[in-house]
Amino acid sequence: MAGAMKGRCHCGAVQITVAAPPAEVLRCNCTLCRKTGWRGGYWPPGEVTIAAQADAISPYVQGKRTITGWICRRCGCFTHWTPLTASPERMGVNMRMFETGEWHHLPVREVDGARL
Ligand SMILES: [Zn+2]
C-alpha cells in the first residue's frame, strides 16, 4: 500500500497532498482536458490538501459552471478543481503535478468527455 503523495505546480506556489494514490487516472478528450493537459485523479475533498496563498491561484469557471478550475497565477499550471454543482463528494487533481513515477503505472480510464 502506498502512502500519501505530494505534488506541486511548476513554480511550487501550489502544494498538493493526497492521502493515497487514486485507483485510476482519467484521460478525457473534452476541450478543457485536452487544452490544459489534464490527467484526472479524484478524491473526496477531505483527502486532498491544497496549500497555496489565496492570491496565488486563480479560479476558472466555464460552460455549465459545474466546477471551478484552479490555475497557478505564476506558472499557469491547471492544478485542481473543486465542485460547484458537480458531485460534491469528489474533487479533481491534475496528476501531472506529481512526479511521473508516482502515477504512470496506474490504470488509465478513457473518458469520452467530448461527447458528454
Ligand atoms: Zn505555480
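Read the numbers this way: they start at 1 and go in the same order the structure lists the ligands and their atoms.
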Checklist entry - Taking both backbone and side chain into account, is any N, O or S atom of His10 nearer than 2.8 Å to the Zn ion (ligand 1)? => result no

Checklist entry - Is the distance between the Zn ion (ligand 1) and the nearest N/O/S atom of Cys77 smaller than 2.8 Å? => result no

Checklist entry - Quick one: salt bridge (charged side-chain N to carboxylate O under 4.0 Å, His left out) partners of Arg27, sequence neighbours excluded? => result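 For Arg27 the salt bridge (charged side-chain N to carboxylate O under 4.0 Å, His left out) partners, ignoring immediate neighbours, are Glu110.
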
Checklist entry - If the Zn ion (ligand 1) is the vertex, what is the angle to SG of Cys75 and SG of Cys9, rounded to 10 degrees? => result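 About 110°, to the nearest ten degrees.
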
Item to check | Thr82: partners by side-chain hydrogen bond (donor to acceptor under 3.5 Å, both in side chains), with sequence neighbours left out | outcome: Trp70

Checklist entry - Are Ile67 and Val25 in one and the same hydrophobic cluster, where Ile, Leu, Val, Met, Phe, Trp and Tyr link if side-chain heavy atoms are under 4.5 Å apart? => result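 Different hydrophobic clusters.
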
Checklist entry - Are any of the side-chain heavy atoms of Val93 and Trp43 separated by less than 4.5 Å? => result yes

